[in-house]
K.L.:
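Next up is a structure, given as C-alpha cells.
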Amino acid sequence: MSFPLLTATAALPALGAVATAAVPAARRTAAKWLALLVSLATLALGITVLVRFDPGGDRYQLTESHAWIKAFGVRYELGVDGIAVALIALTALLIPFVILAGWHDADPLETGSKRWRPTQGFFALILAVEAMVIISFEATDVFLFYIFFEAMLIPMYFLIGGFGDRAHQHGDEAAATQRSYAAVKFLLYNLVGGLIMLAAVIGLYVVAGNFSLAEIAQARANGSLHMATNTERWLFLGFFFAFAVKAPLWPLHTWLPNAMQESTAPVAVLITAVVDKVGTFAMLRFCLQLFPEASKWATPVILVLALISIIYGALLAVGQRDIKRLVAYASISHFGFIILGIFAMTSQGQSGATLYMVNHGISTAALMLVAGFLISRRGSRLIADYGGVQKVAPVLAGTFLIGGLATLSLPGLAPFVSEFLVLVGTFARYPAVGIIATFGIVLAALYTLVLYQRTMTGPVKPEVAAMPDLRPRELLVVAPLIVLLIFLGVYPKPVTDIVNPSVKQTLSDVHKKDPKPSVEAAK
C-alpha cells in the first residue's frame, strides 16, 4: 500500500493540535514552538503533494478510498485536482505566518489580572482549523466533505469569541460582549447554511444512492443517473447557499465584517484567506460538477449577486473608519470577483478565479498582518488615530503600501493577473457584466490609497511619534509574502499550469466551451 500522503497532510496538524493543547500551562513558549514546527512539517507535506501532482495526469490523483459507513454508502475518499492542490499549498504556506504573527496574541494579560488567555488553546485551535480546511479540499466523498465543512466552525468560533483584539488590549466587558456577538453571528450564519446543505446532501443520496463525487459525476455523464430538473435545481440551491455564506456572497456576507473586526489580525487572516476559500472552492468542485444544468440555470442571478458584492463591498470599504472592517469589505468585493469568474463559464474566468483565490490569500495576509502590527503598536483600529507613520516606521509603511497596492491589483503584483483573467473571461461571454465589474477596480484604488494617505502620510501624530518599526519576527512574517506577491505578479505560470487542466475539466462538466471572438483577427 502506498503512503497515504493526503491523509498525512491533514492528520499531522490535527495531531499537532492535540499535542499543543496538552502542553502544560506553564510551558507556553514550548507550545508555540511545537505549533510552529507542526505547521512547517505540514508545509513540507503540502509541497510534497504539489510536487507529486501531475497536471497532465488523471483528474483526481493521490487518491485514497476506504469503507467507512457501509450501510449508507459513506466512504473515506480523498483525491486532489489542480485546484485543490493550489489551495492546499496556500493553506499550508499561510499557517506558519499566522502562528508567527500571533506569537504574543494569546499571552497572559497584564500582571495581576485574574483573566488568563490559554496560549496552548489558541495555537491548538489554529492547527485544528488547518487540518479541517485541508481535508475539505481533499474530500471526494460528499458526506465526508460536509462533516469537516461544518466541523471547522467550532475552532473558528472559539478563536473569534475567545481571543478578540479588544479584550487583549483593554479587557473591558463591552469589548467581550461585542466579541461574543461576532462569534455567535459567525456561527449562526454558517450553521444555517450548513443545515440547508445537509438537507441537500440527504436529497442527493436519495437520488444517487451514494456520496461518491466521482461515481455520481460519472453516472450523470454517461446517462445512468438522471435527475428531474426541479430536483437538480433544489439540490443545487441547497449546496450553493451554504457555500455562498462561507464565501461570503452578498447578501449573506454580514457576519464577516463583525468577525474580522473582533478577531486578532492572524485570526482575521485565517478567516478570509483560508476558511472562506472552502466556499468558492466547493462551488467549483460540487456545484458545477454535480449539478451542471442547475448551475447554468442559476448563472444570471449569481452574476448579479457577484456584481453587487463587488460594487457594494468596495463602496462600503471606501467609507470605513476601522482598518479591519475596511479590509473585510474589500474582501467581500474580491470574493465577488472570484464568484464572477467561476460562473462566467469560461476558461479564462475560472482560471482567473482559482488564481484569485491563491493571490487574494497572499495579499490579504500581507495587508492584514501588517495592519495588525500597526494596531498592536497604537492600540487602536481607527484610521483617524494615525498619521505620519511612514516617517517614524518606514519599513512598516512600505510593506503596508505593497500589501495595499496588491489589494487594488496593481500590475506587477499577483492579484492583477487573476483579476485581469476574471474580467477578460467575463467580458467574453457577458460584456455588460464585465464592464460594470471593472468599476470595482476604480473603487479599490480609492479605498486603498485613501487608507494609506490617512494613516501613513501627513504630520506625525504625537501618539505614533515613538512607534517602533517592524521587528525581526514581524519582518520574517511579511517579507516572504511580499516576495510571493511580486514573483506571482511577474510569473504566474507555476500556478496556472497546475490549475488550467482542472478548469478545462470543470467546463466540460457543465458542457461549456469558450465563446468564439466576435470579431475575426485581421489577416
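Just so you know, these numbers use all the heavy atoms, side chains as well, and skip hydrogens, waters and symmetry mates. Because the structure is a prediction, the values reported are computed rather than measured.
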K.L.:
Rounded at 0.5 Å granularity, tell me how far CG in Asp58 sits from OG1 in Thr63.
P.N.:
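One gets 8.0 Å once the value is rounded to the nearest 0.5 Å.
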K.L.:
Please identify each residue that fulfils ring-ring contact (aromatic ring centres under 6.0 Å, His included) with Trp234, with sequence neighbours left out.
P.N.:
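Once residues adjacent in sequence are excluded, Trp234 has no partner under the ring-ring contact (aromatic ring centres under 6.0 Å, His included) criterion.
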K.L.:
Does the side chain of Trp297 come within less than 4.5 Å of Phe291's, by heavy atoms?
P.N.:
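A side-chain contact is absent here, since even the closest heavy-atom pair is not under 4.5 Å.
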K.L.:
Looking at Met227, is its backbone amide N or carbonyl O close enough to the side chain of Glu232 to form a donor-acceptor pair, meaning the two atoms are under 3.5 Å apart?
P.N.:
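No, because the side chain of Glu232 does not come within donor-acceptor range (under 3.5 Å) of the backbone of Met227.
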K.L.:
Roughly how far, to the nearest 0.5 Å, is CG of Leu78 from CG of Leu62?
P.N.:
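Separation between the atoms: 10.0 Å.
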K.L.:
Mind telling me whether His253 and Tyr312 have parallel, tilted or perpendicular rings, with 30° and 60° as the class edges?
P.N.:
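The rings of Tyr312 and His253 stand perpendicular, inter-plane angle above 60°.
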K.L.:
Would you mind reporting whether Phe211 and Arg75 have side-chain heavy atoms less than 4.5 Å apart?
P.N.:
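Contact flag for Arg75/Phe211 side chains = no.
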K.L.:
Could you check whether any side-chain heavy atom of Lys32 comes within less than 4.5 Å of a side-chain heavy atom of Leu36, counting everything from C-beta outward?
P.N.:
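No, their side chains stay 4.5 Å or more apart.
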K.L.:
With side chains defined as the heavy atoms from C-beta onward, is the minimum distance between Asp276 and Leu256 less than 4.5 Å?
P.N.:
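Yes, close enough: below the 4.5 Å cut-off.
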K.L.:
A side-chain contact here means heavy atoms from C-beta on lying under 4.5 Å apart; do Phe286 and Ile216 qualify?
P.N.:
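Result no, sub-4.5 Å side-chain heavy-atom pair not found.
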K.L.:
To the nearest 0.5 Å, what is the distance between CD on Glu64 and OG1 on Thr7?
P.N.:
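If we round to the nearest 0.5 Å, Glu64:CD and Thr7:OG1 are 3.5 Å apart.
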K.L.:
Would you give the length of the straight line joining atom CG of Leu421 to atom CZ of Phe337, rounded to the nearest 0.5 angstrom?
P.N.:
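One finds 13.0 Å between CG of Leu421 and CZ of Phe337.
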K.L.:
Considering only heavy atoms from C-beta outward, does the side chain of Phe122 approach that of Thr264 to under 4.5 Å?
P.N.:
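The answer is yes; the side chains approach within 4.5 Å.
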K.L.:
At their closest point, which heavy atom of Ala330 faces which heavy atom of Thr407, and how far apart are they?
P.N.:
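That closest heavy-atom pairing would be CB-CG2, 4.5 Å.
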K.L.:
Is the shortest side-chain heavy-atom distance between Thr280 and Tyr356 below 4.5 Å?
P.N.:
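Counting from C-beta outward, Thr280 and Tyr356 never come under 4.5 Å.
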K.L.:
Only one of Val301, Ile308, Leu307 clears side chain to side chain contact (heavy atoms under 4.5 Å, CB included) with Val304; which?
P.N.:
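Result for side chain to side chain contact (heavy atoms under 4.5 Å, CB included) with Val304: Ile308.
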K.L.:
For the CD1 atom of Ile342 and the CZ atom of Phe281, what is their distance to the nearest 0.5 Å?
P.N.:
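Answer for the CD1-CZ pair, Ile342 versus Phe281, is 10.5 Å.
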K.L.:
If you define the side chain from C-beta out and look only at heavy atoms, does anything of Val499 sit under 4.5 Å from Leu355?
P.N.:
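With C-beta onward as the side chain, the pair stays apart.
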K.L.:
What's the shortest heavy-atom distance between Lys246 and Leu153, and which atoms?
P.N.:
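It is NZ-CD2, 3.4 Å.
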